[in-house]
Amino acid sequence: MSEEIHIKTAELVVSHNDNILKSGSIGSCIVITLYDTKKRIGGMAHAMLPHRKNKMKNYEVKPTEAKYVDEAVDNLMKGIKDMGGDITALEAKIIGGATMFKKLSGDKFGIGYRNIEKAKKVLQSHKIKIEKEDTGGSNGKMVEFNLANGVIHISTNI
Amino acid sequence: MAKKITSFEIDQLKEITNIGAGNASTALSHMLGKKVQMTVPESYVGKIEEVQRNFGEASDKVLALFLKMHGDLEGAMAMIFKPEDALSFMEILTKKKKKSLDEMDELDESSILEVGNILLGASITALAKFLDLNITHTIPDMTVNMLGAIMDTVLLEIGSDSEEILAFKVNLHFSDDNIGGDIYYIFDPAASGIILKATKEKVK
């Protein structure tokens, strides 16, 4: 039985079977998905910002926390590994990082742009290949990730 | 927030946004010669992701105007219209009826931007005057997008440094035909502190 799992802002879920992971509508936030194609284990994270600004001492990042791109990727990998997935054979997809108000935030250096750049950098540092991306632009998106086959469905209402 | 904001302070901030929105509604009423009603402000206060979750589920298509405030405090305002309400506004202004937002032309766009500029501008001027603060604002920018996606962008524009946010929502609508929109005031904790301090000076 497949189940639909909704991912909240700044959270992540790792799952398997035929489950479908769904994001809310994202603007300059970024959705990162990782997928072990063989074992069909995957996760989706909805991150808001590139990285944590003030690292508190002894702060332990919760396994469901995905507010920051770097921690989200770490947590996704951890979750997939814990579920028995192979983290050396993951494929990544990134969606989001839109810039809606071009006049006010500018094309570059806006939050959306910084989220995309950070996601690429972090994934590269883990040697994870970005299979597909649908990033930037000026429109919000909703993402559905089907864990049965790894297919991502992106929709919008505009 | 170093110091947690109290419910009394939130009420004070609501009252301040009420003053601002009151001026926006008067401006709207004068501009179009219609009676305008407004709601009591609703507040959304907390971590940026918590506030976003209040809006994040909303995938409805809306038209949004957005501008930033600068000067003695940094903040933002947004005005959100449902598509049918945005179309009604444009029809009142341009005297031309459009079936959908996809048919918007330059005139429609600049007319709705001008409404935003006047309403939000009136609101900010009132705030600045009441608080004795120097606040300027950018011209508004416009997008047609999903509400949740717009709100995450708007909240991140203001709250990406502090990661805490205070958002206040007021609905303005014409009494006779219920056409209207929501005005949002968005501040980070630093700006809220400045407003509260200025309020204290004022009522001393």
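In this text the structure is predicted, and so the values were computed from the model without any measurement. Here is how names work: the chains are called A, B, and so on, in the same order as the sequence lines, proteins then strands, and each is numbered from 1.
The part of S138(A) that comes within reach of chain B is its backbone (N, CA, C, O), which places non-hydrogen atoms under 4.5 angstrom from that chain. Contacts between P140(B) and chain A at a heavy-atom distance below 4.5 Å involve the backbone alone (N, CA, C, O). With a 4.5 angstrom heavy-atom cutoff, T138(B) touches chain A only via side-chain atoms. Heavy atoms of E163(B) lying under 4.5 Å from chain A belong to its backbone as well as its side chain.
Although no hydrogens or angles enter the test, the distance criterion places a donor-acceptor pair under 3.5 Å between the side chain of Q52(B) and the main chain of D152(B). Here the side chain of N134(B) pairs no donor or acceptor atom with the backbone of D72(B) at under 3.5 angstrom. With hydrogens and angles ignored, the 3.5 Å screen pairs a side-chain donor or acceptor of N75(A) with a backbone N or O of E65(A).
Contact of the D85(B) side chain with the F174(B) side chain is not registered, since no non-hydrogen atoms from C-beta on lie closer than 4.5 Å.
With respect to chain B, the highest number of heavy-atom pairs below 4.5 Å among A98(A), G112(A), C29(A) belongs to C29(A). For the set T156(A), L49(A), I158(A), the entry with the most heavy-atom pairs within less than 4.5 Å of chain B is I158(A). Interface remark: of the candidates L147(B), D161(B), L101(B), D161(B) forms the most heavy-atom pairs closer than 4.5 Å to chain A. Residue with the most contacts toward chain A among I139(B), L67(B), V62(B), I150(B): I150(B) (heavy-atom pairs, distance under 4.5 Å).
More than 12 non-hydrogen atoms from other residues, nucleotides or ligands lie less than 6.0 angstrom from NZ of K61(B).
Relative orientation of the F101(A) and F66(B) rings is tilted, given thresholds of 30° and 60° on the angle between their planes.
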